[in-house]
Every structure is written in C-alpha cells, then in structure tokens.
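Since the model is a prediction, treat every value here as computed from it, not as a measurement.
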Amino acid sequence: MANILVMIPSGEVYDHDCVRWYSYQDIQRSIDHYHNIGDAFVFDSSLKLLTYDKLDVLEIREFRQEVVDRINAEYDYVFLRGSNYIHDSMDWPAATIQVLAKLRIPVIAFGVGAQAPATGKLTLTEESKRIWRMIADKSTTLGVRGTYTAEVLWDLGIKNTRIVGCPTAFRNRDPELRIDLPALDSVRKVGITMRREVSKHYSPDVRKYLERHRDFVKDISRRFDTVLMMQGEVEEKKLLWGTGEQKAEAWAHLHDSAWLKQWYFDDEMDALYRERLWYSDVVADYENLVRSKDLVLGYRLHGNLMALSNATPSVYFSYDSRTAEFAETFAIPCYNVYSDKPFVLEEYWDQSLFEKFNRTYYQRYRDMREFLDENYVPHRMPSHTLRRTTERKAA
C-alpha cells in the first residue's frame, strides 16, 4: 500500500476510488462553469487501477518549502492525471516548476497527451518544455496516449516514454475484455456522445464539422432510441437543470451563435435537445448509462471509451489529432468527420474491425500493467495469466 498525491485532480473523491464533481449536490454552484466531466472519468479510472492507503492533492499554485518537505517525508509518489497537457496554449499553475524542483519522490505521468493545431507544427513554451523534462527525470517512464505524443516528447529529448493509452480503458481491470457485436437489427438503445464546441484552431473545416455532427445525430435518432450524452457544457446544463430564466438564456445563447444557427440547429435538433439531453456530474452515473446501451458512438473521446471499457460497442468520430491518436492507439473503429463520404453505421458494424480492437486492447492492457510495474507503482491490475487461473478455480 502507498500514500500518494495527484497533480491536477478533477472532482472530489468518495468511497476511496470514486469521483464526482465538487458541487454535484448543488448544481447552481457550477451551472455557469464549464467543466469537462471526461477529466473526472480519467481521475476516477486512475484511482481504480491503483493500490493506496492515502490520497491527497499536490498543490502547484504556490510553493511552500515546509509543505514540500512534508510531502517528501510522508508520500511515495505523485501522479499527474492523464489529460491533454501538451499543447501550445497550456498554462501551468504558477509554482509548478518550483514544486517539481524540490520533490524527491517520483512523478508519474499517467496517460498524458499532445494536441496538434489544425495547421503547422506544435510549438511549446520554454516553461512547458522544462516541466516535461523534469517529469521525465523523476520517473522510469512517462505513460503517454499514443505515437504522436511520444514523438513530440522525443523531439524534446525525452525518450523514456511508454504508450499506454488512457486509464479509462482499463477501469474495470479486465485483461480479457473484448467487444462482440450483436446483430445490428437487435440494437435498440444508443448513446450519442456530443461535442458541438468547435474551434478554428483545431478544426480545418468548422462548417463540415457542425453540419456532419447535426446530420449524424438526426439520422441515428430516427433509427434508434437515443440519448444525447453531454459532458458539462453550460447551456446544456441550464436546459436540463436551470431555472426558467436560465433555460431561456441558454436557448438564446445557442441560437444566437452564428455557426450553430447556420450549421447545427434546426427544428429537429431543437426537439432532440428538448427531449433527449442527458448529463451527470457523477462518473458512476455515466458508467451505469453506457452499460444500459447497445451502442455508444460519437465525438467524445472519454464518453466512448467509458462504453468500450464496459464491453459496449463504440465507434469514434475523429476530428482532431487527439481523437485520431487515441483511435490509433487502441485500433478503435473510427470515422473521419472531414472525409468525403457520410457516416454509414453498417460499414462499421463489422466484427473483424472490432477484433483489431480486441487484440490491441489485450496488448495495451499489458503495456499499462508493465508501465505501473516499472515505475514501482502498487496497483490492482491482474495479469492475463492470473485472471485465467482465478476463473478456472472459480469454475
């Protein structure tokens, strides 16, 4: 067992290894704040993989020598919650470098990723470069999302990376997990992971992105009993839980946006928004939701991955380097939203495509387990052999 710290948490912890947003019981406290609950998925999933007695937060907004001295004496390691930290606009908390410089315990990067701009090469600040080199020096290996992230770090002279994907994939600690498709005509309940937010900085074609998103949602909702799975967007939270005034404000904001008004909202999308929106500030609620679905697909990296980690089929919609890298890391069936052809579900409902995921997941599970072992991190991930032996004894 270990005493551990998390750097940049996302949500409050309850029942040892479960995460929910800080104000989940009082939605009005955060209804005007956008927080991506997908970050809480990663935090929750990380805790479910680790063995520890005590968890605390590493404060990097300010430096206090006495606090760092106590940490070095009382804690075994720090893990950096996996997220999209390696990009040209990353703003690290003020005291990050000071704190890292004084730490004498390992700092474990747990599934971190890089984000490429829509055009040109990724350029990092000198501060970011220094921070990543410091983290690399404080661990045996850095756990990264995929090949692109490893290449970005390699260019910084950081060569001790291991591709592990994301802890969310392994949250149920099942080395034998696989996706087996049922007959498509048996599929009834479908979750759509939504992302209407889009930026010219990362999207080469905003209009195509929004129009294709709209048409996909409408098509799937005509065919199946769908739920539109949001991940913390302010306007959607207000439509679900706001006062009458807040709901009116949300509708006005959504329909006053030039991009959304031209390329996203119409009468049919308005109706779907009124009838099928879903959101929760509790990670366990998402897990229960995806377990109840026959299929989950769409634009959210972690929403889709929550489904796959629970053996629910999912298809990714790739729109930036982050989603493309992730789909590649796990060989997940993936549709490029900027392609010249529309999305056709039947073309992805192919067991041979998911066998690629099944094989790759098997390998990535081993990679994540070895990553934790080589960094001397106590964990709860059984080996493939141990899982088979346990199942045989139980039988």
Side-chain angles (χ1 to χ4, degrees), residues 1-61 67 70-71 74-83 93 108-112 143 166-174 191 193 227 229-234 236-237 240-241 278-293 296 300-310 312 368 372 377-382:
M1 302 292 277
N3 294 333
I4 68 175
L5 295 148
V6 58
M7 188 191 307
I8 314 182
S10 185
E12 67 177 22
V13 178
Y14 67 102
D15 292 346
H16 186 69
D17 62 0
C18 298
V19 176
R20 59 198 175 199
W21 195 247
Y22 304 99
S23 56
Y24 82 103
Q25 289 181 312
D26 181 7
I27 192 63
Q28 285 295 327
R29 286 177 55 194
S30 63
I31 203 164
D32 287 308
H33 170 67
Y34 173 57
H35 53 267
N36 183 356
I37 198 67
D39 290 333
F41 293 4
V42 183
F43 186 23
D44 182 286
S45 301
S46 300
L47 298 180
K48 285 177 167 49
L49 300 187
L50 304 176
T51 299
Y52 60 93
D53 286 310
K54 181 180 178 181
L55 171 71
D56 210 337
V57 176
L58 177 68
E59 179 57 69
I60 53 177
R61 288 175 296 182
V67 172
R70 179 179 61 81
I71 286 170
E74 297 179 8
Y75 290 86
D76 296 285
Y77 68 87
V78 179
F79 76 90
L80 173 60
R81 174 186 56 81
S83 191
I108 309 300
F110 205 177
V112 298
C166 175
T168 303
F170 314 110
R171 59 182 285 110
N172 286 304
R173 304 186 297 274
D174 183 359
T193 60
V227 59
M229 299 166 59
M230 311 310 299
Q231 284 198 200
E233 299 86 343
V234 169
E236 282 78 356
K237 286 193 296 184
L240 286 167
W241 299 324
W278 187 94
Y279 174 70
S280 174
D281 270 336
V282 181
V283 174
D285 290 347
Y286 270 85
E287 186 150 54
N288 290 334
L289 180 69
V290 299
R291 286 174 175 173
S292 73
K293 301 305 173 189
V296 172
R300 286 292 187 174
L301 189 155
H302 294 295
N304 295 343
L305 192 58
M306 180 67 81
L308 289 168
S309 69
N310 284 279
T312 299
M368 178 63 87
L372 295 174
V377 173
H379 62 82
R380 293 186 281 166
M381 296 184 73

Can you see which heavy atom on [X] is nearest to which on [Y], and at what distance?
X	Y	answer
P167	V42	CD-CG1, 4.2 Å
R291	T312	CA-OG1, 4.3 Å
A169	L305	N-CD2, 3.6 Å
S280	W241	CA-CH2, 4.1 Å
G11	F43	O-CE2, 3.6 Å
V296	A307	CB-CB, 3.6 Å

Next on the checklist: Between R70 and E59, does any NZ, NE, NH1 or NH2 come within less than 4.0 Å of an OD or OE carboxylate oxygen?
Outcome noted: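 Salt bridge: no.
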Spatial distance of atom [atom1] ([X]) from atom [atom2] ([Y]) [nearest 0.5 Å]:
X	Y	atom1	atom2	answer
Y77	I71	OH	CD1	14.5 Å
R61	I8	CZ	CD1	11.0 Å
R171	F41	CZ	CZ	8.0 Å
L49	T168	CG	OG1	9.0 Å
D281	Q231	CG	CD	11.5 Å
L50	H379	CG	NE2	9.5 Å

Next on the checklist: Are the side chains of P9 and Y22 in contact, using a 4.5 Å heavy-atom criterion?
Outcome noted: yes
Next on the checklist: Any heavy-atom pair between the side chains of K293 and V227 that's under 4.5 Å?
Outcome noted: yes
Item to check | CA sep, side-chain torsions, deciding dist, call: S10, D39, side-chain hydrogen bond (donor to acceptor under 3.5 Å, both in side chains) | outcome: CA-CA 6 Å; S10 185; D39 290 333; 4.6 Å; no
Item to check | side-chain contact (heavy atoms from CB on, under 4.5 Å) assessment of R300 paired with M229 | outcome: CA-CA 9 Å; R300 286 292 187 174; M229 299 166 59; over 6 Å; no
Checklist entry - Passes side-chain contact (heavy atoms from CB on, under 4.5 Å), M306 versus V283? Steps please. => result CA-CA 10 Å; M306 180 67 81; V283 174; 3.8 Å; yes
Item to check | Check against side-chain hydrogen bond (donor to acceptor under 3.5 Å, both in side chains), K237 and Y34 | outcome: CA-CA 9 Å; K237 286 193 296 184; Y34 173 57; over 6 Å; no
Checklist entry - After noting the C-alpha distance and the side-chain angles of D285 and W278, does the key distance pass the side-chain contact (heavy atoms from CB on, under 4.5 Å) rule? => result CA-CA 11 Å; D285 290 347; W278 187 94; 4.1 Å; yes
Checklist entry - side-chain contact (heavy atoms from CB on, under 4.5 Å) between K54 and Y75: does it pass, once the steps are laid out? => result CA-CA 9 Å; K54 181 180 178 181; Y75 290 86; 3.1 Å; yes
Main-chain N/O of [Y] paired with [X] side-chain donor or acceptor, under 3.5 Å:
X	Y	result
Y52	N3	no
R173	P382	no
N36	G38	yes

Item to check | Residue among L47, L58, V377 satisfying side chain to side chain contact (heavy atoms under 4.5 Å, CB included) with F79 | outcome: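 Per the side chain to side chain contact (heavy atoms under 4.5 Å, CB included) rule, the option paired with F79 is L47, out of L47, L58, V377.
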Next on the checklist: Does the plane of the ring in Y286 sit parallel, tilted or perpendicular to the ring in Y279? Use 30° and 60° as the thresholds.
Outcome noted: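 Rings of Y286 and Y279: perpendicular, as their planes differ by over 60°.
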